[in-house]
Each structure stands twice: as structure tokens, then as C-alpha cells.
Protein chains: 2
Amino acid sequence: MSHSTLHDIANRVGVTPVTVSRVLSGTYKAKRAGALKRAEQIRQVAVELGYRVNVHARAMRHGRLGNIALVMSKDPARSLLHECELTALHDALLDEQMNLVIARLDDKTLESESDLPRVLTEYAVDGMLINYKKNIPPMLEQLIERHRIPAVWIARKRKHDATYYAYRNSIKKAVTDQIKAGHRRIAMVFKLNPNHVSTDHYSETDPRAGYEKAMLDAGLKPQCLQVRWNVDELSQLTALLTRKNRPTLLLTRDQHTLLPVLTAAYHVGVKVPDDLQIMLIGHGTRLIPATDLKHLRYDYDQLAEAAVKLLVEKIKAPQQLLKSRPIPLCW
Amino acid sequence: MSHSTLHDIANRVGVTPVTVSRVLSGTYKAKRAGALKRAEQIRQVAVELGYRVNVHARAMRHGRLGNIALVMSKDPARSLLHECELTALHDALLDEQMNLVIARLDDKTLESESDLPRVLTEYAVDGMLINYKKNIPPMLEQLIERHRIPAVWIARKRKHDATYYAYRNSIKKAVTDQIKAGHRRIAMVFKLNPNHVSTDHYSETDPRAGYEKAMLDAGLKPQCLQVRWNVDELSQLTALLTRKNRPTLLLTRDQHTLLPVLTAAYHVGVKVPDDLQIMLIGHGTRLIPATDLKHLRYDYDQLAEAAVKLLVEKIKAPQQLLKSRPIPLCW
DNA sequence: CTGAAAGCGCTTACAG
DNA sequence: CTGAAAGCGCTTACAG
């Protein structure tokens with residue numbers, strides 16, 4: 001038994017599919033007694049038959065598909081996506097009556113024209129949110145151009161058609177505020193993963209730049225500590241925290257540096273947040289209670305909303321270049 | 001300028017859309033010189049016009065949609081999804097030429113018939129993977145039934161149409177192996193979140209049951225420690241680790257108990273893994289290096305593959321009840 | 001090898 | 001208030 005259609009309902013009730021369509025979509029409201037009764041009957045038969053409108057037929061009629069692809073790489077170095085980011089995008093799209101389709105691309109398939117991912121060769125989505133940080137395959141940009149696919153970038157700092165986090169300004173401002181609040185010895189800790197090839201992506205360079213600018217502007221000396229992950233981070237941090245002039249505020253860009261920082265602090269008897277305040281920048285953590293941390297966090301919802309808003313505009317006017325939207329971090 | 005169609009290409013080249021369709025889809029291969037040349041021309045014009053096949057038109061013709069919805073709740077207590085689970089599902093679906101559509105439901109919309117989520121009232125997906133652990137809205141099950149939507153559950157222990165992790169057997173076996181390897185004092189630590197209402201979901205009860213069974217079968221006494229999260233977990237754990245008969249192996253169900261465990265161990269000078277081994281059950285962590293832990297982990301890929309395989313069968317024969325597939329945890 | 005015809009399921013303007 | 005007609009873009013038998 002296959003899927004039931006307007007036709008099936010119409011046959012049972014003894015009307016045409018047109019009437020059924022109108023009743024079910026609410027295009028008009030029946031007012032006469034006879035029509036009312038018939039409308040009720042139509043709705044009932046629809047339920048009995050388990051009718052659901054076929055979105056493909058509807059989409060074809062309307063020319064609007066109602067689907068947006070979230071395009072990313074299978075390579076986590078190129079595209080990362082936290083659950084909360086996905087969630088925020090999903091919700092922002094829902095507000096625009098759009099569905100979210102996941103498209104994780106194997107970058108190898110972007111090397112030749114022969115085996116391209118379907119999302120790029122088929123007309124199945126109205127637009128794309130593209131979550132490539134770096135090493136963007138040239139073919140990807142080329143296909144978007146060629147097919148004039150409305151696209152918005154969500155992890156690149158570009159002039160146009162993008163949203164990104166305003167690390168530099170947000171961190172500069174946050175650090176300046178802390179200086180005003182009395183902190184003088186403020187350090188920043190970075191993780192240096194042996195396997196991790198450092199890049200010049202703005203999400204790595206801008207936070208540091210913002211911190212250093214704030215310190216220098218206040219006549220203070222920036223202190224950046226690169227802890228070598230899984231090597232001797234504890235001794236490095238212990239050294240930092242037992243120094244005579246130990247910092248009173250520690251900025252950490254990465255939630256994974258928190259464990260060594262907290263362990264070291266606990267070990268040497270430095271109390272968080274009484275003796276040492278910690279400012280976590282970026283993704284949250286349930287590792288330690290929020291009250292113990294200053295958390296300068298991503299505003300996922302605002303980024304998602306901005307991205308979707310841009311994309312909707314872009315879909316309306318695909319040719320137009322839209323000014324990018326930097327999103328401040330927030331407390 | 002709207003989207004180009006087969007018709008546009010046909011007009012330019014001077015053939016019918018039928019021929020264009022056949023050339024682009026490769027339904028036949030041109031052999032004659034003239035046909036070859038024309039085919040080449042068609043392909044070229046298609047590229048020039050940025051043609052992409054309209055999947056809605058194709059889907060309507062074929063009756064197959066090629067989309068699967070991942071249905072979950074917006075309430076994280078009912079549905080949780082780690083990025084790696086999403087990834088695994090996406091990949092498993094790709095192997096079947098299916099796209100993944102995200103559908104996070106607001107459970108409030110499932111309380112009345114009037115404002116149902118679109119994924120349930122429209123015919124837009126061939127089937128659903130349903131990620132509800134508990135408090136499953138009756139309306140959800142009812143609609144699946146009524147519309148005969150092929151559905152597979154991925155977080156429920158049911159006889160039919162489900163995949164789930166075989167905690168009980170896997171943990172029992174793992175603990176038994178550790179006992180054979182010489183461990184006698186094996187404890188299990190649970191997190192007790194003040195806000196967290198404990199449930200009888202199998203993912204909470206089965207791990208403990210498996211552990212206790214293994215211990216009792218070996219004539220050993222199970223020790224379950226419920227640490228009160230953010231209250232006094234450190235003193236509880238410190239007490240456990242300074243006991244004369246302190247455990248040599250600690251099972252932890254939750255990566256978030258790792259931080260207090262490690263901090264406590266570090267503080268009292270118990271070395272991991274030399275003095276104390278830790279077995280993490282479930283999701284991984286990048287908190288500490290994998291070499292220091294025994295990690296009995298989820299096999300996301302196998303679960304995803306099993307779920308997709310079940311769903312594909314279900315789509316072929318929607319009426320049939322399919323035997324559920326328990327998935328062992330793995331090292 | 002190519003085309004004319006039919007149809008997938010729906011909706012909308014037009015006519016009654 | 002309801003229906004007959006047309007069409008969205010594609011593909012597949014059927015005929016040449």
C-alpha cells in the first residue's frame with residue numbers, strides 16, 4: 001500500500017482534489033452548512049488515510065524548496081560544529097520555515113568534476129550555510145559561483161556574505177574592563193598540541209591580538225603561555241602559579257586547558273576564583289560550575305540568526321553582495 | 001534570473017528535453033559521431049547555464065524522496081546527540097544515497113493536533129530515525145502509526161524497530177575480564193546532579209546492573225559511589241582514594257566525573273594509571289590522553305549502520321516488525 | 001538515436 | 001462554494 005494522495009481522499013468523499021486541497025490547506029473556510037459538513041468529512045477521511053501533503057509536489061508548484069544545507073567538511077580541522085551551534089542554526093531556520101539538511105563533504109570528491117557531492121550538483125536546497133574555516137576547496141567556491149547558489153559563510157572573516165565572531169574587539173574590551181576593575185597581572189594560556197598545526201585562521205590569531213592590544217594600551221605587559229598539551233603542562237602551569245608575581249587573572253581560549261589549570265591551582269593551593277580568576281573564551285563547559293568562571297562565550301543564537309537573515313536576503317537577491325556581520329562574544 | 005531547466009538547455013541546443021535528460025543522466029551513451037558531438041554540446045551548455053537537476057521533479061517521478069529525518073526533542077533530557085553520533089548517522093545514510101534532515105521538535109507542539117511540526121504532517125522524508133530516550137510524546141507515536149511512517153528508534157530498548165547499546169552485557173564482560181586480570185577492588189562512580197532527576201532509562205540502570213552482576217558472580221562486593229556534583233565530590237572521592245582498601249579500578253559512567261576523580265587522585269598522590277586504573281564508559285573525552293584510561297566506548301558507526309539498515313528494510317516493508325539490534329560497547 | 005505523450009501530486013487563476 | 005484546466009520539471013515507456 002503506497003502513500004495516499006488528494007486524489008484518494010477526493011474519490012472517497014466524492015469531490016475533486018481541488019476541493020480537498022483547499023479544505024486541508026485552509027485556503028478558504030467553509031461557511032454554508034453543507035460545505036462545513038463536507039469539509040469536516042474531508043478532514044476525517046484525510047486522517048483515516050493517514051494523508052500527508054507531498055512536499056515535492058508542493059515545492060514544484062511554488063518554486064521554493066524550503067531546505068537549507070549546512071555544508072561542511074568531514075575533516076574536523078576544516079569544519080567543526082558543536083551541538084549548540086547546530087541547534088541554534090536549526091532554530092533560526094525554523095523561524096523562516098526552512099529545514100536544515102546536513103551535508104558533510106568528503107573533500108576528495110571536490111577534486112574532480114566527475115564525482116561531485118550531490119548537494120552541489122542537484123537543485124535540492126534554496127541556499128547554503130557554509131562552515132569551512134580554511135583550506136576551502138577551490139571547486140566548492142567555483143560551483144557556488146557557477147550555479148549561483150545563495151551561500152553564506154559562517155566561519156570566515158570576509159567582507160561579504162559572512163558572519164563571524166568579533167574576537168578582537170570583544171576580548172580587547174573584556175580585558176580592558178578587567179584592567180579597570182583592578183587586575184594588573186593578566187596572562188593568557190594557549191594549548192600547543194603536538195599534532196596540531198597552528199594556522200593563521202582569525203579564530204586563533206584574533207583573540208591573542210585583542211588581549212595584547214588591551215594590555216599594551218594600558219601600559220601592561222602581555223604574558224602568553226603556550227602549554228604543551230600532554231607533555232609538561234602541569235609543571236609549566238605550576239611554575240606560573242607559584243611565581244611571586246603570579247597572575248590574578250588567567251585567560252584561556254580553550255576549555256581543554258581548563259583541566260590542567262584547575263588541577264595545578266588546586267595542587268598549589270591557589271583558590272579559584274578567590275586567588276585566581278579565570279576567563280574562559282569560547283565554548284562553554286560543564287566541567288566546573290559557571291559561577292567560578294568568567295565566561296566570555298559565543299553567542300550561538302545571534303550568529304545563527306544573523307547567518308539565516310543574510311541567507312534569506314541572499315536567496316531573494318542572489319547577485320547582491322551583502323555586508324558581513326561580526327558577532328560580539330557575550331557574558 | 002531563475003533556475004535553468006532541461007527545457008532551457010534543449011532550446012539552446014535545438015533538441016527536446018528528453019534528449020537532454022538522457023544525456024545528462026547517462027541513460028544511454030551516444031556512439032555515432034553526430035550524437036557524440038551533440039551530447040558534448042549539451043553537457044557544455046548545461047555547465048554554462050549552471051544547470052542542476054531539480055530533485056523535487058525527479059522525486060515525484062520516482063516516488064522516492066531520498067531524505068531521512070533525524071527526529072529529536074529540543075529538550076536535552078529527552079534527546080541528546082553528540083556530534084560524532086550525528087556524523088556517523090550522516091555517513092551511514094550517505095552510503096544509502098539518503099540525505100539527513102534535522103528535525104528537533106518542540107514537545108509542546110505535540111500536545112494538540114492543531115500546531116504539529118511539519119515533519120510529521122508533510123510527506124517529505126522516506127523514514128525517520130527517532131532519538132527520544134524517555135517521556136516520548138504519545139502524539140509522536142500516534143502519528144507515526146497513523147501515517148505508517150517507517151521509523152527506527154535509536155535510544156530505546158525495545159523488542160522491535162530499535163537499536164540500542166548493550167550496556168549490561170558489555171560492562172559485565174569488561175568487568176569480568178578485569179577481575180580475571182587480577183583486580184579485586186573495583187568501584188563504580190556515579191554523578192548525582194542536584195537538578196538531575198534520575199530516571200529508569202536503560203542507559204542509567206543497565207550499566208550498574210552489568211557491573212554488579214559481574215562482581216557478584218565473582219564473589220566480590222560491588223561498591224557504588226554516588227558523588228554529589230558540585231557539592232562535595234572532592235571530599236567524597238578523596239575519602240575513597242585514601243581508604244586503606246582503596247579501589248584499584250574505578251568505573252566511571254560519565255566523562256564529567258573524570259575531572260573530580262583526576263583532581264582528587266592528583267591531590268592525594270595516587271597515580272593514574274599506575275596506582276589507580278580508570279575505566280570510562282561511554283562518550284570519549286579529550287581531557288586526558290587515551291593511554292591513561294581504559295575506555296569502553298560507544299560504537300557510533302556500528303549503531304548508525306544498524307539503524308540505517310533497519311530503516312531501509314522498514315521502508316521496503318513498513319508493516320513488518322523488525323527485530324531490534326543491540327550494539328556492544330567496544331574498546 | 002530521438003521525440004511525442006503521459007504522468008508523478010499539487011495549487012492557482014479562471015470560470016461558473 | 002466547487003470544478004476543469006494548466007503547469008511546475010522531470011523521466012519512462014512507446015513509437016519511429
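These numbers come from the heavy atoms of this one structure, side chains and all, not from hydrogens, waters or symmetry mates. Each chain gets a letter, A, B and so on, in the order the sequences are listed, and its residues count up from 1.
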S.K.: Considering residues at least two apart in sequence or located in another chain, which fulfil the salt bridge (charged side-chain N to carboxylate O under 4.0 Å, His left out) criterion with A:R61?
M.R.: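 With neighbours one apart ignored, the set is empty.
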
S.K.: When you measure from the side-chain N and O atoms of A:S21 to the phosphate of C:dC10, is any distance below 4.0 Å, counting only OP1 and OP2?
M.R.: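 No.
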
S.K.: Using atom NE2 of B:H7 as one end and atom C1' of C:dA4 as the other, report the distance to the nearest whole Å.
M.R.: 14 Å

S.K.: Taking atom P of D:dC1 as reference, at what distance in whole Å does atom NZ of A:K37 sit?
M.R.: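 Going from NZ in A:K37 over to P in D:dC1 covers 16 Å.
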
S.K.: Identify, with sequence neighbours excluded, every residue that meets side-chain contact (heavy atoms from CB on, under 4.5 Å) alongside B:V53.
M.R.: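 If we apply the side-chain contact (heavy atoms from CB on, under 4.5 Å) test to B:V53, skipping adjacent residues, the hits are A:E122, B:Y51, B:R58.
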
S.K.: What is the separation between atom CG on B:L6 and atom C1' on C:dC8, rounded to the nearest whole Å?
M.R.: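 It works out to 15 Å between those atoms.
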
S.K.: Could you check which residues of residues 51-61 of chain B get a heavy atom under 4.0 Å from DNA chain C? Sort them by number, please.
M.R.: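 Close to the strand are B:M60, B:R61.
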
S.K.: B:D75: what forms a salt bridge (charged side-chain N to carboxylate O under 4.0 Å, His left out) with it, not counting sequence neighbours?
M.R.: B:R78

S.K.: Show every salt bridge (Lys or Arg N to Asp or Glu O under 4.0 Å) that has at least one partner inside residues 13-25 of chain A, sequence neighbours left out.
M.R.: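 Listed by first then second residue: nothing to list.
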
S.K.: Sequence neighbours left out, what pairs pass salt bridge (Lys or Arg N to Asp or Glu O under 4.0 Å) with at least one residue falling in residues 80-96 of chain A?
M.R.: A:D91-B:K74, A:D91-B:R104

S.K.: Roughly, in whole Å, what's the span from CD1 in A:I42 to P in C:dC10?
M.R.: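 Distance, rounded to whole Å: 14 Å.
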
S.K.: Any ring-ring contact (aromatic ring centres under 6.0 Å, His included) pairs touching residues 109-137 of chain B, not counting sequence neighbours?
M.R.: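 Passing the test, one end in residues 109-137 of chain B: A:H3-B:Y123.
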
S.K.: Determine whether the side chains of A:H7 and A:T5 contain a donor N or O and an acceptor N or O closer than 3.5 Å.
M.R.: no

S.K.: Output all residues satisfying side-chain contact (heavy atoms from CB on, under 4.5 Å) with B:E141, sequence neighbours left out; order by chain, then residue number.
M.R.: B:I136, B:W153, B:R156, B:R158

S.K.: Kindly say if B:T19 contacts the phosphate of C:dG3, meaning a side-chain N or O under 4.0 Å from OP1 or OP2.
M.R.: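 Checking C:dG3 against B:T19, a side-chain N or O does come within under 4.0 Å of OP1 or OP2.
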
S.K.: Please report the distance, rounded to the nearest Å, between CG in A:L65 and P in C:dC10.
M.R.: 17 Å

S.K.: Identify all pairs in which a protein N or O lies below 3.5 Å from an N or O of nucleotides 13-15 of chain D, and state each distance.
M.R.:
from, atom 1, to, atom 2, distance (Å)
D:dA13, N6, B:R22, NH1, 3.4

S.K.: For DNA chain C, write out the stems as range with range, using runs of 3 or more consecutive Watson-Crick or G-U pairs with both distances under 3.5 Å.
M.R.: C:1-3 with D:14-16, C:5-12 with D:5-12, C:14-16 with D:1-3

S.K.: Rounded off to whole Å, could you give me the CG-to-C1' distance for the A:L24 and D:dT2 pair?
M.R.: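 From A:L24 CG to D:dT2 C1': 15 Å.
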
S.K.: Specify the separation, in whole Å, of atom OH of A:Y123 and atom P of D:dC8.
M.R.: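 For the pair A:Y123 OH and D:dC8 P, the rounded distance is 14 Å.
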
S.K.: The side chain of A:T5 lies closest to which of these nucleotides: D:dT11, C:dC10, C:dG3?
M.R.: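 Comparing D:dT11, C:dC10, C:dG3 against the side chain of A:T5, the answer is C:dC10.
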
S.K.: Atom NE2 of B:H62 and atom P of D:dG9: how far apart are they, to the nearest Å?
M.R.: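 Rounded to the whole Å, the gap is 17 Å.
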
S.K.: For B:P76, what residues pass the side-chain contact (heavy atoms from CB on, under 4.5 Å) criterion, not counting sequence neighbours?
M.R.: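 With sequence neighbours excluded, B:P76 shows a side-chain contact (heavy atoms from CB on, under 4.5 Å) to B:L80, given in chain and number order.
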
S.K.: Does a donor on one side chain sit under 3.5 Å from an acceptor on the other, for B:S79 and B:N131?
M.R.: no

S.K.: Side-chain donor-acceptor pairs under 3.5 Å in residues 36-49 of chain A, sequence neighbours left out?
M.R.:
from, atom 1, to, atom 2, distance (Å)
A:E48, OE1, A:R12, NH1, 3.4

